[in-house]
Amino acid sequence: LVSGEAGIGRTALVERAADGIREAIGPDITIGRVRCDARLDQPYAAMLPLLAQLAAGSGPVSAAVAALLAPSPAGLTTSAEPLPLDEIATLLESAARTSPLLLVVEDVHWATATTLDTLLRVCARRSAVPLCVVMTLRDPASLPTTLLPLVAELRRRAVAELRLRGLDEPAAALLIGAEPGSERSRRAHRLAGGNPLYLTQLARLDPAGDAAVQRDATLAASIHDHLD
């Protein structure tokens with residue numbers, strides 16, 4: 001589990017790690033993604049691309065996933081009939097037996113209860129298969145009351161939680177192209193608190209580092225546009 005505030009670099013870190021794992025293992029590894037989004041509020045919407053990816057392969061596992069989706073892939077996003085979550089967990093394990101599976105789940109703070117329940121079933125089994133689940137979580141985040149126990153359980157079951165913090169001043173200077181220890185670097189680091197997204201947006205708004213830019217509505221609006 002990789003957690004941290006908005007803009008701290010959770011996605012960038014996980015994507016770099018996934019690229020490194022693919023380079024180390026080679027083409028045999030399957031990287032599946034579940035991108036949670038506040039706008040994907042139907043129970044199964046975030047999981048459909050992953051299931052469709054698995055169904056597009058060859059072999060018995062792909063055939064089983066395709067059979068699961070066969071009635072109406074698009075309709076599952078609004079169906080009142082629950083998906084067999086244990087079956088999905090079993091199919092993910094079976095896919096990992098065919099080839100190592102890295103499952104990247106982004107922004108679990110926006111996940112539906114169904115998605116979280118599926119992840120919990122996978123994590124609870126701890127099967128002896130080459131399956132790794134990496135999740136990102138915005139922290140702090142405002143979570144619906146119904147999701148609080150599910151997210152807490154995911155945190156408890158995580159093998160490790162990496163809590164990202166802001167960059168130090170030399171790293172911040174490198175990011176914005178400033179001289180470490182310079183007034184521009186120190187000022188940007190102070191205003192952004194070491195947050196990479198804040199730093200890059202601040203550098204865009206004030207490239208010379210000499211304007212009266214504050215961490216105010218202007219910077220907030222720029223960051224909000226980026227996050228949207």
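Just so it is clear, the structure is predicted and the values come from calculations on it, not from any experiment.
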Taking the side chain as everything from C-beta on, heavy atoms only, tell me whether R163 gets closer than 4.5 Å to E161.
yes

Can you find a heavy atom in the side chain of V14 that is under 4.5 Å from one in the side chain of E106?
no

Joint hydrophobic cluster, L92 plus L120, side-chain heavy atoms closer than 4.5 Å:
yes

Pairwise distance CG(L205) to OG1(T200) - rounded to 0.5 angstrom
9.5 Å

Single-linkage hydrophobic cluster L143~I8, side-chain heavy atoms < 4.5 angstrom
no

Between E183 and R186, does the side-chain contact (heavy atoms from CB on, under 4.5 Å) criterion hold? Intermediate values first, please.
CA-CA 5 Å; E183 175 59 27; R186 293 196 305 271; 2.9 Å; yes

Compare every heavy atom of V133 with every heavy atom of V105, then report the nearest pair and how far apart it is.
CG2-CG1, 4.2 Å

Applying side chain to side chain contact (heavy atoms under 4.5 Å, CB included) between S94 and each of V65, L54, V61, V129, report the one that passes.
V61

Examine L148 and V151 and state if one hydrophobic cluster contains both, with Ile, Leu, Val, Met, Phe, Trp and Tyr joined whenever side-chain heavy atoms are less than 4.5 Å apart.
yes

Run the numbers on E93 and V122 for side-chain contact (heavy atoms from CB on, under 4.5 Å), then give the verdict.
CA-CA 8 Å; E93 292 172 355; V122 173; 5.6 Å; no

From the list L102, I31, I21, L103, side chain to side chain contact (heavy atoms under 4.5 Å, CB included) partner of V134 resolves to L102

OG of S127 to CZ of R97: how many Å apart, nearest 0.5 Å?
6.0 Å

What are the two closest non-hydrogen atoms of L68 and P84, and how far apart are they?
CD1-CG, 3.6 Å

Restricting to non-hydrogen atoms, name the atom on L101 and the atom on G32 that form the minimum distance, rounded to 0.1 Å.
CD1-N, 4.2 Å

With distance as the sole test, does H189 use its side chain to make a donor-acceptor pair with the main-chain N or O of A172 at under 3.5 Å?
no

For the atom pair OG (S185) and CD (E169), what is the distance rounded to the nearest 0.5 Å?
3.0 Å

So do S3 and R155 actually touch side chain to side chain, heavy atoms under 4.5 Å?
yes

Mind checking whether V2 and L13 have side chains closer than 4.5 Å, heavy atoms only?
yes

Taking the side chain as every heavy atom from C-beta outward, state whether M47 and T118 have any pair of such atoms under 4.5 Å apart.
yes

Once you round to the nearest 0.5 Å, how far does CG of L1 lie from CZ of R157?
14.0 Å

Side chains of P196 and L167 in contact at under 4.5 Å (non-hydrogen atoms):
yes

Calculate, to the nearest 0.5 Å, the distance between atoms CD1 and OH belonging to I88 and Y44 respectively.
8.0 Å

M135 vs R10 side-chain heavy atoms within contact, under 4.5 Å
no

Scanning both residues in full, the closest heavy-atom pair of P43 with T115 reads O-OG1, 3.8 Å

Please test D28 against R22 for salt bridge (charged side-chain N to carboxylate O under 4.0 Å, His left out), starting from the C-alpha separation and ending with a verdict.
CA-CA 8 Å; D28 289 338; R22 185 184 291 280; over 6 Å; no

Is there a side-chain contact (heavy atoms from CB on, under 4.5 Å) between R138 and W110? Walk through the geometry before answering.
CA-CA 9 Å; R138 181 182 296 180; W110 283 330; 3.8 Å; yes

For V104 and V34, what are the C-alpha separation, side-chain angles and deciding distance, and is it a side-chain contact (heavy atoms from CB on, under 4.5 Å)?
CA-CA 6 Å; V104 178; V34 176; over 6 Å; no

Taking every heavy atom of L199 against every heavy atom of I176, the minimum-distance pair comes out as O-CG2, 3.7 Å

Side chains of T90 and R125, heavy atoms from C-beta outward: is any pair under 4.5 Å?
yes

State, to 0.1 Å, how close A96 and L131 come at their nearest heavy-atom pair, and which atoms those are.
CB-CB, 3.8 Å

Can L85 be reached from L91 by stepping across I, L, V, M, F, W or Y side chains whose heavy atoms are under 4.5 Å apart?
yes

Side-chain donor or acceptor of D86 paired with backbone N/O of R121 under 3.5 Å
no

Hey, what do you get for OG (S142) to CG (L147), rounding to the nearest 0.5 Å?
12.0 Å

Answer yes when R35 and D107 have at least one side-chain N-carboxylate O distance shorter than 4.0 Å, and no when they do not.
no

